[in-house]
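Positions are given from 1 along the sequence. What you see below is based on every heavy atom in this structure, not just the backbone, and it leaves out hydrogens, waters and symmetry mates.
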Amino acid sequence: MTVSVVLFTSDLRLHDQPALRAALDATDAVVPLFVRDDAVAEAGFTAPNRAAFLADCLTDLDRSLRERGGRLVVRSGDLVEEVCRVATEADADEVHLAEGVSAFARRREERLRAALEAGGRRLFVHEGVTTAVAPGAVTPASSDHFAVFTPYFRKWSGQHPRRPLGAPRAVRVPDGVGSEEIPARREVRGASAGLAAGGESEGRDRFTAWLRRDAGAYEDQHDDLAGDATSRLSAHLHFGTLSPAELVHRAGRKEGPGPAAFVRQLCWRDFHHQVLAARPDASHADYRPREDRWRTGRDAARETDAWREGRTGYPIVDAAMRQLAHEGWMHNRGRLLTASFLTKTLYVDWRTGADHFLSLLVDGDIANNQMNWQWVAGTGTDTRPHRVLNPVRQAHRHDPDGAYVRRWVPELAGVEGRAVHEPWKLTGPGRAAADYPEPLVDLAEGLARFRQARRRE
């Protein structure tokens, strides 16, 4: 009997799973393996929200495999050592793995390949598993990647993503390969109270319901903070419980501007992955340096703490930060506003904000988190790097009646209408009754400071 190992990483699903399908086609039996990599924890990337969501994903994946006669093998330790150990136990000739784009993923892949080849085994790395179009599949004539989204989107849209694969009907797993217990969400401490459930089954149900009910209005309503009309699929994309290629395929079958706008957002995700694949250092270094001398010191630290806690005095910013703390997720418009406020109004290093987001976001993805933070900070791929989002104007535009603010900033729940966005203008008993801070900084002063720092004045 021939055996292969399928190493699951950010592709925790059975539907449209090219690595699994290739292994099943190549050998008589497979070992579906997930390794709780010590290096991930040592890098500080095992945040409670992602650990809890991951536990859901692994539980669901194991259940789905058992329905097909298989099971999930879970190990902990050094990933390369554990994969080689499992391959030896199963007498497997090959290992299948989805391609990663980060520097960490690439180094790990190189180590794994060398170790397997030393033992006479082969590693097969599959492209286009965690993205709709593989990084590097479309490039401009003069570079190894696109640095501007619009031309990338045009070329990306001309591609024809592979047709999604169905889930296998049967998965045969050899005997004699031991596994740890599947981790459970209840074992994770410190997860956000409102954290959503994970797993492929949950993700597929959520996407099907959203596509049927809300996709048609997505173009008009995806920036409506209170309406919350986004798909909320980002965590499922990060963990790979849903296939980007399948989402593009299914959304593309529906007509109208809503599904088209959703597909464009999936393209943004691919865009950031191809940037990071080409420039791995962008995970921690400015993609386009602006000679910034970010604020440090006691005042900057105090203001940054207030930003983290949702106590900036700007209700729309504070509402979004409190949503992040409670759900481990934040509306995309809120992400833009809070990031702009930190990096441009407070003029604090984007890495400080990116690190805080990664400590809480269940969808905390290096490519999307870091490259979006750089985009907002003006050190990334934004073609208007010095734009500054005014939180008050943005609040009036994207939360016109204040419902989002009142939901997340209960101190202001009694303030009616648009006045909730500028509580410092309240007078008399209304202002006295609101236990809410004064603004950290005057917006005009913050703007002037930023422009001076960027030599725009």
Side-chain angles (χ1 to χ4, degrees), residues 13 15-16 130-133 149-150 152-167 194 196-273 316 319-320 323 327 329-337 361-363 365 368 372 389 394-408:
R13 62 180 185 269
H15 291 81
D16 195 37
T130 59
T131 54
V133 175
F149 174 74
T150 301
Y152 175 78
F153 178 61
R154 284 197 295 265
K155 197 161 187 178
W156 183 92
S157 299
Q159 301 299 301
H160 298 286
R162 57 181 171 71
R163 192 168 188 83
L165 303 167
E200 181 181 13
S201 300
E202 172 71 20
R204 295 186 70 81
D205 288 347
R206 177 178 288 276
F207 178 62
T208 297
W210 180 83
L211 195 63
R212 180 181 64 251
R213 182 183 63 242
D214 299 324
Y218 181 75
E219 169 69 0
D220 296 326
Q221 298 181 8
H222 70 277
D223 274 331
D224 179 358
L225 285 159
D228 197 14
T230 65
S231 68
R232 284 182 173 254
L233 297 176
S234 54
H236 291 282
L237 286 164
H238 172 62
F239 284 92
T241 57
L242 290 176
S243 157
E246 183 180 2
L247 299 193
V248 169
H249 179 76
R250 291 179 62 184
R253 292 186 302 184
K254 293 183 71 71
E255 297 182 357
F262 175 72
V263 170
R264 184 181 175 90
Q265 291 301 311
L266 292 172
C267 180
W268 266 109
R269 183 176 181 275
D270 278 12
F271 173 74
H272 287 141
H273 278 74
I316 199 71
Q323 180 182 29
E327 296 187 353
W329 182 89
M330 188 194 295
H331 192 288
N332 184 60
R333 177 55 53 174
R335 300 188 196 206
L336 294 175
L337 292 174
L361 281 175
V362 65
D363 59 28
D365 179 282
N368 293 298
N372 270 312
L389 298 180
Q394 291 282 310
H396 287 312
R397 182 177 303 164
H398 301 299
D399 186 31
D401 63 0
Y404 179 75
V405 164
R406 278 185 285 273
R407 180 185 308 164
W408 293 108

(Q) Nearest 0.5 Å, please: how far is NE2 in H222 from CG in D224? (A) 10.5 Å

Q. Do the side chains of L247 and L237 get nearer than 4.5 Å, heavy atoms only?
A. yes

Q. Which pair of heavy atoms, one from H398 and one from P400, lies closest together, and at what distance?
A. C-CD, 3.5 Å

Q. Are any of the side-chain heavy atoms of R250 and F207 separated by less than 4.5 Å?
A. yes

Q. Which heavy atom of A132 sits nearest a heavy atom of P244, and at what distance?
A. N-CB, 3.5 Å

Q. So which heavy atom on D16 is nearest to which on P164, and how close?
A. OD1-CA, 3.3 Å

Q | Where T131 and V133 come nearest, the two heavy atoms and their spacing | A | OG1-O, 3.1 Å

Q | Qualifying residues under salt bridge (charged side-chain N to carboxylate O under 4.0 Å, His left out), relative to R333, sequence neighbours excluded | A | D223

Q. Any donor-acceptor pair under 3.5 Å linking the side chain of D399 with the backbone of A403?
A. yes

Q.
Is the shortest side-chain heavy-atom distance between Y404 and Q323 below 4.5 Å?
A. yes

Q) Between L225 and W408, is any pair of side-chain heavy atoms under 4.5 Å apart? A) no

Q) Side chains of E246 and R13: does their closest heavy-atom pair fall under 4.5 Å? A) no

Q | Results of ring pair (Phe, Tyr, Trp, His ring centres under 6.0 Å) for F153 - residues two or more places apart only | A | F149

Q) To the nearest 0.5 Å, what is the distance between OG (S201) and CZ (R206)? A) 13.5 Å

Q.
With a 3.5 Å distance limit and no angle check, can you tell me whether N372 reaches the backbone of N368 through a side-chain donor-acceptor pair?
A. yes

Q.
Quick one, D270 with Y152, criterion side chain to side chain contact (heavy atoms under 4.5 Å, CB included). Give me CA distance, side-chain angles, the key distance, then yes/no.
A. CA-CA 10 Å; D270 278 12; Y152 175 78; 3.4 Å; yes

Q.
Measuring only between side-chain heavy atoms, which start at C-beta, is H236 closer than 4.5 Å to D363?
A. no

Q.
Is the shortest side-chain heavy-atom distance between F262 and L211 below 4.5 Å?
A. no

Q: Supply the atom-to-atom distance L337 CG to Q394 CD, rounded to the nearest 0.5 angstrom.
A: 5.0 Å

(Q) Could you tell me if the side chain of F271 sits less than 4.5 Å from the side chain of W156, heavy atoms only? (A) no

Q) Roughly how far, to the nearest 0.5 Å, is the OG1 atom of T241 from the NE2 atom of H15? A) 12.0 Å

Q | Heavy-atom pair with the smallest gap, counting every atom of W329 and S234 | A | NE1-OG, 3.3 Å

**Q.** R269 CZ to Q265 CD distance, which is reported to the nearest 0.5 Å
**A.** 12.5 Å

Q) What's the spacing between S243 OG and R162 CZ if we round to 0.5 Å? A) 5.0 Å

Q: Please report the shortest heavy-atom distance between G203 and L233, naming the atom on each side.
A: O-CD2, 4.2 Å

